[in-house]
Amino acid sequence: MEVTAASIVRVALPGPLRTLFDYRAQAPLLPGTRVQVEFGKRTLVGVVMDCVDESEHTGPLKGVLEVLDRAPVLAPPLLDLMRRVSEYYLHPLGDTVAHALPVLLRRGEPLRTAHQSTWQLSAHAPESPDDAPGTRQRQALHLLAEHPDGLTSTELAQSGISSATLRSLRSRDWIQATPRRRFEIQHTPTFTLTGEQNDAVQSILSDTASFRCHLLEGVTGSGKTEVYLQVIRNIVDAGRQVLVLIPEIGLTPQTLGRFRERFGDDVGVSHSGFTDLQRLSAWVACQRGERRILIGTRSAVFTPLPDLGLIVVDEEHDSSFKQEEGLRYCARDVAIMRAQAAGCPVILGSATPAFESLNNALRRRYRHHRMLHRATGSAAPTSRLLDIRGRHLDEGLSDELIRLIAQHLERGHQVLVFLNRRGFAPILMCHQCGWTASCARCDARFTLHREPPALICHHCDARRGIPSACPDCGGDELDALGLGTQRTEQTLSRLFPGYPVIRIDRDTMRSRKRFEHALAQVHSEAPMILLGTQMLAKGHHFPGVTLVAVVNVDAGLFSADFRGPEHMAQIVLQVAGRAGRASHPGEVVLQTHHPEHPTVAALATGDYHGFALRALEERRLARFPPHAHMAILRAEAQSLSRPMEFLNQLKQHLEPSPALEIMGPLPSPMQRKAGRHRCQLVLLSRSRPLLHQSLQRLLDAAQDHESRRQVHWSIDVDPLDTF
Ligand code: ADP
Ligand code: ZN
Ligand code: ZN
């Protein structure tokens with residue numbers, strides 16, 4: 001059969017296969033166009049990556065079933081970025097490209113936006129939706145009651161509510177159409193920048209026409225956001241677009257408010273809490289240039305922004321920028337690749353930068369801006385260690401800490417108590433025989449929860465009832481050992497009965513609404529105790545808090561992970577930074593059994609930078625990242641022997657080199673998780689090309705390996721987690 005010129009398309013398809021697939025098209029198609037094709041017995045949506053004259057494929061080619069777009073939905077720069085990401089993380093191109101598309105486009109739906117108005121309950125709606133006649137109407141009223149911000153007719157249709165139902169509800173005056181919300185720009189006075197802020201802004205603006213990476217290392221309250229806002233103003237006024245990446249739970253109404261005040265409707269938002277249609281709308285608006293600024297979490301880094309002129313990564317050290325499954329990318333690092341390709345600056349901001357970023361700044365690969373003072377002029381909190389060796393503790397709280405908490409509450413202030421473990425207690429143990437409740441599927445103990453009562457494995461989420469007697473010896477004295485937030489909540493409520501205790505952890509904050517409600521309560525600034533895990537450490541301002549207490553600062557000291565101290569320092573200093581933002585000076589106390597330990601001592605001074613310099617030196621001596629690049633090949637299966645053998649065989653394909661350090665294969669520190677046995681092969685090299693060559697060899701060998709289907713394996717480049 002004769003094939004006309006350039007009518008063979010090379011298509012990226014979602015899935016584990018690492019090649020493009022050739023199909024015949026009626027006419028040449030531009031890269032970035034979506035097509036529907038038959039693949040095996042399935043119909044898939046793919047993206048055209050290339051259009052060629054001849055296929056390398058020998059057999060007859062199938063034809064494209066349908067061309068889904070008249071114009072490409074992904075422009076060449078974004079396709080190039082996805083290629084680069086796919087190569088860097090050694091992840092299949094088809095699956096990588098799918099990350100650049102909102103869910104609805106991946107499913108083959110047309111480009112469209114939620115520009116339609118939304119429906120809401122009106123003031124005349126019946127008290128209870130069940131008072132409405134007809135199941136459909138009741139269902140519609142229930143849905144709308146659950147979505148006070150309104151739903152579009154498309155969203156309602158997806159839930160089975162027809163336009164006829166909406167019409168009849170409308171005729172009863174029970175629902176109303178609300179126009180799309182508009183955000184007015186408020187003429188709030190902009191601050192006069194502090195000297196430090198001004199230096200940073202001027203330096204960043206001195207060259208916005210080429211790629212440059214800036215590390216903005218500023219203590220909490222130094223006014224980093226104000227620096228972003230003023231730089232953004234300039235970029236937007238010059239007609240370019242800006243991408244702002246924030247951590248998973250960093251997008252508070254406060255943060256968004258600050259952007260909307262300055263930029264009104266120019267600000268688009270992309271967040272995992274949105275519906276698919278809302279995400280598509282934000283995506284389309286950015287692609288068309290209708291939004292000049294996009295604020296979003298991790299995956300927003302792949303949003304099309306044709307006039308991209310700046311990327312900001314706020315709290316760049318945050319681990320939520322790393323995706324820990326499938327395409328294991330780090331949005332901060334992809335942001336840097338993207339800025340480089342776009343020829344624009346990127347700002348990484350943090351009070352506690354990741355060692356990788358700090359190291360790059362110290363080696364002058366990044367421009368380094370330090371802000372050491374709070375912008376409001378309020379004093380930095382004073383920190384000190386509370387040596388609790390041999391002291392009396394009431395459920396983990398020393399007498400001195402209890403006295404301090406009372407003092408701050410009595411003065412009408414708020415207290416923040418930090419404990420990085422949820423649940424009631426991490427161990428349930430039999431006093432008679434020493435039995436402990438352990439998860440059958442993981443090498444881990446169950447955590448005891450009291451609300452609701454259960455034993456929960458924090459690694460695989462397995463749940464059990466709490467036994468009333470020891471399953472081994474029948475003894476009935478089961479002790480809860482150690483502290484979790486539920487237990488400390490109980491203790492604090494008993495010790496300070498006159499004050500509310502608000503617990504913020506993953507269990508109490510399952511819903512966003514609830515989280516926001518809790519934050520609102522805290523912002524009333526009435527005296528209260530705020531107790532929580534690291535959810536408290538992220539970007540929130542708690543102006544009423546004057547005392548921050550870290551119950552157990554030693555927790556991160558004995559971590560098996562080489563990043564343990566770094567992460568502990570980041571969390572502790574982020575939490576400490578919440579104190580005393582307003583006019584009252586803050587106080588930070590850290591309870592410890594190891595006051596002389598250098599890491600702990602450094603935390604007490606609040607000097608992250610100094611701590612980091614020392615810790616970086618230790619990493620250099622150990623030849624660990626950032627002084628070498630790391631990658632992990634993980635493998636898991638029902639038994640340990642098979643994945644170990646698998647990795648051992650793959651390892652034979654590596655070419656030994658003095659510049660390549662190979663560790664393992666070894667069982668993972670947590671060998672059994674969710675019923676699978678896990679092991680890993682770690683590669684370290686100072687040479688990125690050598691590391692990638694070696695990974696490519698492993699990958700090729702893995703794909704040809706006979707047990708590739710019995711072993712679940714994955715590659716993690718620049719891993720954050722070495723478990
Ligand atoms: P960071 O992001 O570094 O923690 P923020 O940008 O949130 O700091 O600023 C901390 C506080 O200081 C905010 O309340 C902000 O409104 C205020 N602020 C920022 N810049 C200035 C300035 N130049 N003068 C006075 N107040 C400022
Ligand atoms: Zn027992
Ligand atoms: Zn488990």
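Atoms within a ligand are numbered from 1 in the order they appear, just like the ligands themselves. This structure is a prediction, so every number in the text was calculated from the model and none was measured. All values below were derived from every heavy atom in this structure, side-chain atoms included, with hydrogens, water molecules and symmetry-related copies excluded. Numbering of residues begins at 1 and proceeds along the displayed sequence.
Ring geometry, His449 versus His458: the interplanar angle exceeds 60°, so the pair is classed perpendicular (tilted spans 30 to 60°).
Atoms of ligand 1 lying under 4.0 Å from any heavy atom of Thr192, numbered from 1 in the order shown and given with element: 22 (C), 23 (N), 24 (N). Taking every non-hydrogen atom of Glu226 and a distance limit under 4.0 Å, the qualifying atoms of ligand 1 come out as 6 (O), 20 (N).
Considering only non-hydrogen atoms, atom 2 (O) of ligand 1 lies nearest to Thr225 out of Asp314, Thr225, Leu229.
Look at Lys224 and Glu315 and you find no salt bridge, because none of the NZ, NE, NH1 or NH2 atoms lies under 4.0 Å from a carboxylate O.
Contacts between Met371 and ligand 1, counted as non-hydrogen atom pairs separated by less than 4.0 Å, are absent for every part of the residue. Contact annotation for Arg258 and ligand 1: only side-chain heavy atoms (C-beta onward) come within less than 4.0 Å of the ligand. Under 4.0 Å from ligand 1, not a single heavy atom of Val227 appears.
Look at Cys433 and the Zn ion (ligand 2): an N/O/S atom of the residue is under 2.8 Å from the metal.
Residues Ser357 and Glu316 have side chains that bring a donor and an acceptor to within less than 3.5 angstrom of each other.
In terms of N/O distances under 3.5 Å, ligand 1 is not approached by Thr220. Taking only nitrogen or oxygen atoms, main chain and side chain alike, Gly218 does not reach within less than 3.5 Å of ligand 1. Residue-to-ligand polar distances keep Thr376 apart from ligand 1: every N/O pair is separated by 3.5 Å or more.
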Verdict with supporting geometry, Asp716 and Lys322, salt bridge (Lys or Arg N to Asp or Glu O under 4.0 Å): CA-CA 11 Å; Asp716 195 350; Lys322 178 83 165 35; 2.8 Å; yes
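At most 12 heavy atoms of other shown residues, nucleotides or ligands fall within 6.0 angstrom of atom CZ in Arg506. Annotation for Arg367: atom CZ counts as buried by contact number, over 12 foreign heavy atoms lying within 6.0 Å.
Counting only heavy atoms from C-beta outward, the side chains of Phe263 and Arg233 approach each other to under 4.5 Å. For the pair Gln710/Ser639, no side-chain contact is recorded, criterion being any heavy-atom separation below 4.5 Å from C-beta on.
Applying the salt bridge (Lys or Arg N to Asp or Glu O under 4.0 Å) criterion to Arg445, with sequence neighbours excluded, gives no partner residue.
Note: angle at the Zn ion (ligand 2), from SG of Cys430 to SG of Cys473, is 100° (rounded to 10 degrees).
Within the protein, the N, O or S atoms sitting under 2.8 Å from the Zn ion (ligand 3) are Cys439 SG, Cys442 SG, Cys457 SG, Cys460 SG.
Seen from the ring of Phe321, Arg332 does not count as a face-on cation partner, given the 6.0 Å and 45° thresholds.
Each of His609, His567, Gln570, Gln574 was checked for a side chain to side chain donor-acceptor pair (under 3.5 Å) with Thr352, and the lone residue meeting it is Gln574.
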